[in-house]
Asker: 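This structure is in C-alpha cells; I'll ask about it shortly.
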Amino acid sequence: MTVLAVDLGGTKVAAALVEADGTVVEASRHRAPTGPDATTAELEAAIAGVVRDALAAADGPVQGVGLAAAGPVDDATGTTSPINLEALHGFPLRDLVADAAGGLPVEFRRDGVAIVLGEHWLGAARGHDDALGMVVSTGIGGGFVVGGRALVGNAGHIGQVELSGYTGSESLGRTTMLESVASGPHTVEWARTQGFTGETGEDLGAAYRAGDAVAVAAVRRCAAAVGQGIGSAVALVPVSVVVLGGGFTRVADDFVDQVQGAVAAHPLPYVAAARVVPAGLGGDAPLVGAAALVYRRDLLP
C-alpha cells in the first residue's frame, strides 16, 4: 500500500510516496521552492510538478493523496490562504492537487494537523491521547490530538497566540505574537539588533555553540517565548506531551530542554506537568504527517 504525500510550506513544496509503515520512498522525493515573491502561476506549476514527478516513481497502485498546507485553511472547500504566500490566498489547492494526481482522492488538512497526527501515529506522541505537536522554523505552527483524535481546521495555530513581555518583528500586523518573536528569522533579526553579525539560523547556532553572548541570549529568549506560548495553549487544551520539531529547534542541543524548563515553571500544575520532547520523525515529519491523513483517517472527524 502506498500513498502520495504532499506538503506545501512558505519556502518549499515537497512530495513523495510513503509506504504504510511510514517509510518515504527515496526515489520518489521531489521538491520545488515557493516563497513570498512567487506568482500564483509559478506556485501552481511548482505544486503540480512535484505531484506528477513523485507519482511517476510509483511501481504499483497509489491509494490516495495526503495533502498538508500552511494555513489558514478551509477544510470544507479545500482552499488555503498561507500567511507567507499571499499569491495563494483563497486558492483551491485540493482541486489543483487532485487534477495533477489524475483524480486520486485527496485528504487535505492544515500542516500542523498533519504533523501532530504523524507524531501520534509513529513518532514522539505515540501512546499519548492528548498531545500538542509544534514546529519552530521559518514560521511557528502546531496542532492538537485530543482524546485520541486530531482537532482539524485551524485549531492549533499556536504561532498566533499573544505573548506578554516580548516585542518582535511584525507578523500579520502584530509584533507580540509568538511567531513575531520566536520564529527562526525573527530570532536572528533580534540578535542582529543586539550586535550579532550573522545572517541565518545556522550562523546563530554556530555562534551559540561558540559561547557568543548575544547568540546565547537570543536562543534563550526564543526558548522562553516558545515555553510561554506552550503554557498558554496547554492552559486551554491540557495535554500530556508537547512534541517540538522544525529546523530552528536544532539551533542548540539544549533548546528543547530550555523550552521544557519554561513550561515547568508555569504556575498551573497541569501545565507544568506537560512533557516537552523533540519530534521523533525528524526531517520527514511533514511528509509522514501528510501520509497519516490517509493512513490514519480513523483519527480524523
Side-chain angles (χ1 to χ4, degrees), residues 3-16 30-55 62-118 133 135 137-144 149-161 171-174 177 179 285-287 289-294 296-297 299-301:
V3 305
L4 174 65
V6 184
D7 176 66
L8 172 65
T11 59
K12 72 179 186 308
V13 57
H30 289 276
R31 59 191 292 174
T34 54
D37 297 326
T39 66
T40 303
E42 289 170 339
L43 291 168
E44 287 181 355
I47 296 163
V50 298
V51 167
R52 287 191 291 262
D53 289 343
L55 279 174
V62 177
Q63 178 181 350
V65 182
L67 170 61
V73 301
D74 187 322
D75 290 347
T77 63
T79 59
T80 186
S81 299
I83 292 170
N84 297 320
L85 295 175
E86 290 190 12
L88 291 186
H89 280 198
F91 186 79
L93 181 63
R94 183 171 58 201
D95 290 347
L96 172 68
V97 170
D99 183 63
L104 286 171
V106 178
E107 186 70 50
F108 168 58
R109 303 288 175 177
R110 189 173 55 81
D111 53 3
V113 175
I115 286 175
V116 73
L117 193 63
V135 173
S137 187
T138 306
I140 295 178
F144 285 99
R149 287 183 174 270
L151 298 185
V152 297
N154 293 303
H157 248 135
I158 190 171
Q160 282 61 58
V161 302
S171 178
L172 289 179
R174 308 293 287 270
M177 293 190 305
E179 186 171 277
L287 290 172
L293 296 173
V294 177
R296 297 310 311 267
R297 192 181 285 112
L299 301 183
L300 299 172

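Hydrogens, waters and symmetry mates play no part in the numbers below; they use all other heavy atoms, side chains included.
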Asker: Hey, can you pull the donor-acceptor pairs under 3.5 Å for the side chains in residues 36-48, sequence neighbours left out?
Answerer:
from : atom 1 : to  : atom 2 : distance (Å)
T39  : OG1    : E42 : N      : 3.1
T39  : OG1    : E42 : OE1    : 3.4
T40  : OG1    : A87 : O      : 2.8
E42  : OE1    : T39 : N      : 2.9

Asker: Sub-3.5 Å donor-acceptor pair from the side chain of E179 to the main-chain atoms of Q160, do we have one?
Answerer: no
Asker: Keeping the roles fixed (side chain from N154, backbone from P72), state whether a donor-acceptor pair exists under 3.5 Å.
Answerer: no
Asker: Is the side chain of T79 donor-acceptor paired with the backbone N or O of G90 at a distance under 3.5 Å, no angle test?
Answerer: no
Asker: Tell me if a side-chain donor or acceptor on T34 pairs with a main-chain N or O of G9 at a distance below 3.5 Å.
Answerer: yes
Asker: Determine, stepwise, if the pair L8 / L93 fulfils side chain to side chain contact (heavy atoms under 4.5 Å, CB included).
Answerer: CA-CA 10 Å; L8 172 65; L93 181 63; 3.8 Å; yes
Asker: Please answer whether the main-chain N or O of L300 pairs with a side-chain N or O of R149 as donor and acceptor at a distance below 3.5 Å.
Answerer: yes
Asker: Under the side chain to side chain contact (heavy atoms under 4.5 Å, CB included) criterion, do L117 and L299 qualify, and how do the steps go?
Answerer: CA-CA 8 Å; L117 193 63; L299 301 183; 3.7 Å; yes
Asker: For the pair H157 (side chain) and G141 (backbone), establish whether a donor and an acceptor sit closer than 3.5 Å, ignoring hydrogens and angles.
Answerer: no
Asker: Hey, does the side chain of R94 reach the backbone of T80 with a donor-acceptor pair shorter than 3.5 angstrom?
Answerer: no
Asker: R296: which residues meet the side-chain hydrogen bond (donor to acceptor under 3.5 Å, both in side chains) condition with it, sequence neighbours left out?
Answerer: D298
Asker: For E107, what residues pass the salt bridge (charged side-chain N to carboxylate O under 4.0 Å, His left out) criterion, not counting sequence neighbours?
Answerer: R109, R297
